Every structure is written in C-alpha cells, then in structure tokens.
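Because only heavy atoms are used, hydrogens play no part in the values below, and waters and symmetry mates are left out as well, while side chains stay in. Whatever order the structure lists them in is the order used to number ligands and atoms, beginning at 1. Keep in mind that what you see is a predicted model, and the values were worked out from it rather than measured.
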Amino acid sequence: MNNVTEKILALKERRKAVILAHNYQRGEVQDIADFVGDSLGLSQQAAKTDAKVIVFCGVHFMAETAAMLSPDKIVLLPDLNAGCPMADMINAEQLREEKKKHPGSPVVCYVNSTAEVKAECDVCCTSSNAIKVVERLGDERPIIFIPDQYLGAYTASKTNKKLILWPGYCPTHMKIGVDDIINLKKEHPCAEVLVHPECRPEVIAQADYALSTDGIIKRVGQSLSKEFIIGTELGILHRLKKENPGKTLIPASKRAVCPNMKSITLEKVLWALERMEYHVTVSPEIREKAVKAVNRMLEIV
Ligand code: 13P
Ligand code: SF4
C-alpha cells in the first residue's frame with residue numbers, strides 16, 4: 001500500500017466518509033473506493049449510505065445527484081473541473097424553450113444533466129433503465145428526451161414511443177467509429193461485441209448488446225464467450241480484467257478516454273478529504289423539483 005493510499009484510508013475513517021467511484025475512474029482510484037458502479041448503482045448507494053461525507057470520484061452531475069439524494073451529507077468532488085460535456089449541452093433556459101414548442105409533452109432527462117435541468121423534467125433515467133422509464137409514459141404525446149440523442153435514438157428503437165431528441169452527445173463515445181468495430185470483428189470473429197448506448201447508432205448496430213457500464217460488466221461475467229470487444233470508455237477494463245482473468249478483453253478504440261473522469265487522482269482524493277473540498281451543493285428550490293425526477297426513476301427500477 002503506498003503512502004497516499006494509507007493516508008486516504010486513515011482520513012476516511014476519521015471523517016466518517018464513504019468513497020464512491022464510477023466504472024470509468026482510474027484503476028488506482030477504483031481500488032480505494034468503497035463502491036464502484038454505474039450511474040444508477042452510484043445514486044442508489046448515495047441514497048442509502050449512513051456515512052457523514054461522500055467523496056464522489058466521478059463527474060459533477062453525479063456528485064450533484066448524490067447531494068440531492070442525501071441533503072444532510074457533505075458531498076465532495078475532488079476536482080471541480082470534472083464536468084460532463086454532454087450534461088452541459090443543454091441548460092434550463094434551453095429546455096424551457098423546448099417545452100414551449102411541445103406543450104404537454106413529458107420530459108425524460110438522462111442522469112447526465114445538471115440539477116437545474118433535472119428540475120424542469122418529469123422523470124430521470126440512466127443508460128440501464130431508459131427503456132423501462134420511457135415505456136412507463138403514456139402514448140398521448142411525444143416524449144422530449146434530453147440531452148443524449150444517441151441514447152434517445154436507441155431507446156426509441158426499442159420501444160413504440162415517439163421521442164423528440166435533443167442534439168447532445170458524448171465526445172468520448174464519439175471516438176468509437178464503426179470501422180473500429182468492423183475491423184476488430186474481422187480479427188476476432190468469435191468475440192461478443194458489447195457497447196454503451198451513448199455510441200452512435202451505426203456502432204450499436206454492429207454490437208451484440210448495448211448496455212450500461214454495470215450491464216457490460218455483468219454480461220462479461222455471465223457469458224460463455226471467451227473474447228469481448230468493449231465499446232465504451234477505457235476505465236471499465238480495470239474491473240473487467242480483475243473480475244475475469246481468463247477472458248480476452250479488446251477495447252473498441254484506445255482513444256475512448258474521458259478526460260473529465262480521469263482528472264480525479266489519488267492525490268486529489270486525499271486533498272479533498274484533508275480540506276473537505278470541493279463541497280457540491282444543490283439549492284433547496286432546485287433540489288425540491290429535481291429530486292422528484294430522480295426519485296420517480298428510483299421507484300420505477
Ligand atoms: P453508466 O451509467 O452506464 O455507467 O454511464 C455513465 C456515463 O457517463 C457514460 O458515459
Ligand atoms: Fe460525460 Fe461522456 Fe465522460 Fe460519460 S464518458 S462523463 S457522458 S463525457
């Protein structure tokens with residue numbers, strides 16, 4: 001155990017803190033976390049933990065969601081610049097304008113959105129439950145789906161619902177090209193292809209399954225295949241390799257690295273615990289509305 005890790009573990013006890021990490025975090029950060037998971041798993045953990053402090057190793061919207069679900073806890077994000085560019089592709093004012101164009105349409109927001117945007121929505125979803133959430137809504141009006149056009153398009157293709165898509169996207173998943181998958185499939189004809197639904201539709205069309213990060217981890221663990229082409233951010237390979245030492249894991253593109261997720265380091269986690277920074281909060285007015293959309297999702301799943 002290195003010095004920084006030792007200090008983190010000792011300080012974590014003193015502060016009565018829990019460390020939550022997303023599947024895209026650096027391997028060494030995942031290794032010191034109490035829980036590693038996808039957006040849904042992380043929000044469920046944030047809602048149920050009895051720790052006093054949550055150190056969130058992920059991006060800003062994830063820490064905000066934790067702060068909304070646990071308003072009496074201190075939520076720390078070790079790097080305030082760890083944002084999600086997709087979440088910033090729509091703001092509350094833009095969404096209000098969109099709602100005016102489609103009166104009466106329900107609004108589903110991908111959890112990759114700011115608290116202010118969530119406050120304008122009816123129900124939230126993650127990549128693991130978007131289909132389930134959308135299926136629960138009525139058929140009278142088309143559904144506004146924000147901000148990820150590709151998760152939206154994939155969800156529409158798996159349901160009978162009409163979705164109005166916002167043109168947001170994940171710059172990291174855009175780096176996975178359809179040719180990357182086609183070429184790897186030629187080299188590894190027996191490999192199962194698993195991609196994240198934030199990928200472009202032509203990439204998803206080449207895959208056996210489109211799954212959330214936890215969904216991909218579960219599938220690799222349960223599948224009888226020995227080889228997998230993994231179409232998502234590279235951080236997921238850390239857990240995949242640890243949990244499946246006998247399987248061959250091939251990244252669809254080595255360029256699929258989210259710089260925001262990777263900006264959290266062990267040193268920054270230690271600094272966050274020492275200084276009790278950066279404290280992420282959501283104002284009570286925004287929280288009151290936004291948490292309803294998140295809780296509706298948690299009730300559905
Ligand atoms: P998951 O909820 O599937 O982990 O996805 C989060 C994310 O940010 C994907 O880019
Ligand atoms: Fe946002 Fe994409 Fe990074 Fe996920 S991988 S946090 S969607 S930029």
Side-chain angles (χ1 to χ4, degrees), residues 20-26 29-30 33 35-46 56-66 69 77-90 108-114 117-118 124-133 145-152 154-155 166-176 194-200 203-204 207 209-220 230-240 251-264 280 294 297-298 301:
L20 305 184
H22 186 263
N23 289 320
Y24 295 160
Q25 288 291 295
R26 293 168 184 270
V29 172
Q30 294 188 30
F35 177 85
V36 184
D38 68 358
S39 307
L40 177 66
L42 289 166
S43 42
Q44 286 167 330
Q45 289 294 320
F56 212 107
C57 301
V59 287
H60 192 268
F61 76 81
M62 295 179 174
E64 245 184 7
T65 308
L69 290 168
L77 183 65
D79 184 340
L80 253 200
N81 293 318
C84 168
M86 183 211 282
D88 295 331
M89 286 179 188
I90 187 165
V108 177
C109 61
Y110 188 23
V111 71
N112 296 41
S113 51
T114 63
V117 164
K118 287 188 180 82
C124 192
C125 73
T126 72
S127 58
S128 63
N129 57 31
I131 295 170
K132 220 179 200 176
V133 167
F145 189 97
I146 54 115
D148 186 6
Q149 60 183 301
Y150 297 123
L151 175 64
Y154 176 69
T155 306
W166 185 260
Y169 62 90
C170 163
T172 298
H173 284 85
M174 277 320 86
K175 292 190 178 138
I176 302 170
L194 308 177
V195 304
H196 196 277
E198 285 177 14
C199 289
R200 281 183 260 233
V203 171
I204 296 179
Y209 297 99
L211 299 163
S212 78
T213 55
D214 267 8
I216 291 175
I217 290 167
K218 217 187 242 169
R219 176 69 200 165
V220 172
I230 306 292
T232 192
E233 210 272 350
L234 297 186
I236 198 171
L237 292 166
H238 181 71
R239 251 185 92 185
L240 284 176
S253 168
K254 294 212 172 91
R255 298 191 311 133
V257 177
C258 175
N260 308 281
M261 285 282 184
K262 296 298 185 277
S263 74
I264 311 284
V280 175
V294 177
M297 168 188 79
L298 294 175
V301 300

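The distance from atom CE of Met297 to atom OH of Tyr110, rounded to the nearest 0.5 Å, is 11.0 Å. Rounding to the nearest 0.5 Å gives a distance of 8.5 Å between CG of Leu211 and CZ of Arg219. Between the OG1 atom of Thr213 and the CD1 atom of Ile230 there is a distance of 11.5 Å, given to the nearest 0.5 Å.
Side-chain atoms of Gln25 do not come within 3.5 Å of backbone N or O of Gln30 as any donor-acceptor pair. Judged purely by atom type and a 3.5 angstrom limit, Arg200 has no side-chain atom pairing as donor or acceptor with the backbone of Tyr150. Looking only at distances, no side-chain donor or acceptor of Trp166 sits under 3.5 Å from a matching main-chain atom of Gly152. With hydrogens and angles ignored, the 3.5 Å screen pairs a side-chain donor or acceptor of Asn129 with a backbone N or O of Thr126.
Considering backbone and side-chain N/O atoms, Ser212 never comes within less than 3.5 Å of an N/O atom of ligand 1. On a distance-only criterion, Asn23 and ligand 1 share no N/O pair closer than 3.5 Å. Looking at Thr126 next to ligand 1, no N or O pair under 3.5 Å apart turns up. Considering backbone and side-chain atoms alike, His196 places an N or O below 3.5 Å from some N or O of ligand 1.
For Lys262 and Asp79, the salt-bridge test fails: no basic side-chain N is under 4.0 Å from an acidic carboxylate O.
Using a 4.5 Å heavy-atom cutoff, the side chains of Ile131 and Tyr154 are in contact. Contact of the Val111 side chain with the Thr65 side chain is registered, since non-hydrogen atoms from C-beta on lie closer than 4.5 Å.
In this model, no donor atom of one side chain and acceptor atom of the other lie less than 3.5 Å apart for Asn23 and Asp38.
In the vicinity of Cys170, heavy-atom distances shorter than 4.0 Å reach the ligand 2 atoms 2 (Fe), 5 (S), 7 (S), 8 (S). Of all the atoms in ligand 2, the ones that sit under 4.0 Å from a non-hydrogen atom of Glu198 are 2 (Fe), 7 (S). Counting the atoms of ligand 2 from 1 in the order shown, those under 4.0 Å from a heavy atom of Pro85 are 8 (S). Residue-ligand proximity, Tyr24 to ligand 2, at heavy-atom distances under 4.0 Å covers atoms 5 (S). Atom numbering of ligand 1 starts at 1 in the shown order; those under 4.0 Å from a heavy atom of Tyr24 are 7 (C), 9 (C), 10 (O). Every atom of ligand 2 is numbered from 1 in the order shown, and the set under 4.0 Å from a heavy atom of Asn112 is 7 (S). Annotation for ligand 1: atoms under 4.0 Å from non-hydrogen atoms of Asn112 are 7 (C), 8 (O).
If you check which protein heavy atom lies closest to atom 3 (Fe) of ligand 2, you get Cys258 SG, 2.4 Å. Nearest to atom 2 (O) of ligand 1 among the protein's heavy atoms is Ser39 OG, 2.8 Å. The closest protein non-hydrogen atom to atom 9 (C) of ligand 1 is Glu198 OE2, 3.1 Å.
Residue Met86 places no heavy atom under 4.0 Å from ligand 1. Not a single heavy atom of Cys170 sits under 4.0 Å from any atom of ligand 1. In this structure, His22 counts as a contact residue of ligand 1, since one of its heavy atoms falls inside 4.0 Å of the ligand.
For a distance bound of 2.8 Å, the N, O or S atoms of Cys84 include one lying that close to atom 1 (Fe) of ligand 2.
Neither the backbone nor the side chain of Thr232 has a heavy atom within less than 4.0 Å of ligand 1.
Results of the side chain to side chain donor-acceptor pair (under 3.5 Å) test with Thr232 over His196, His173, Glu198 single out His173 as the only residue that passes.
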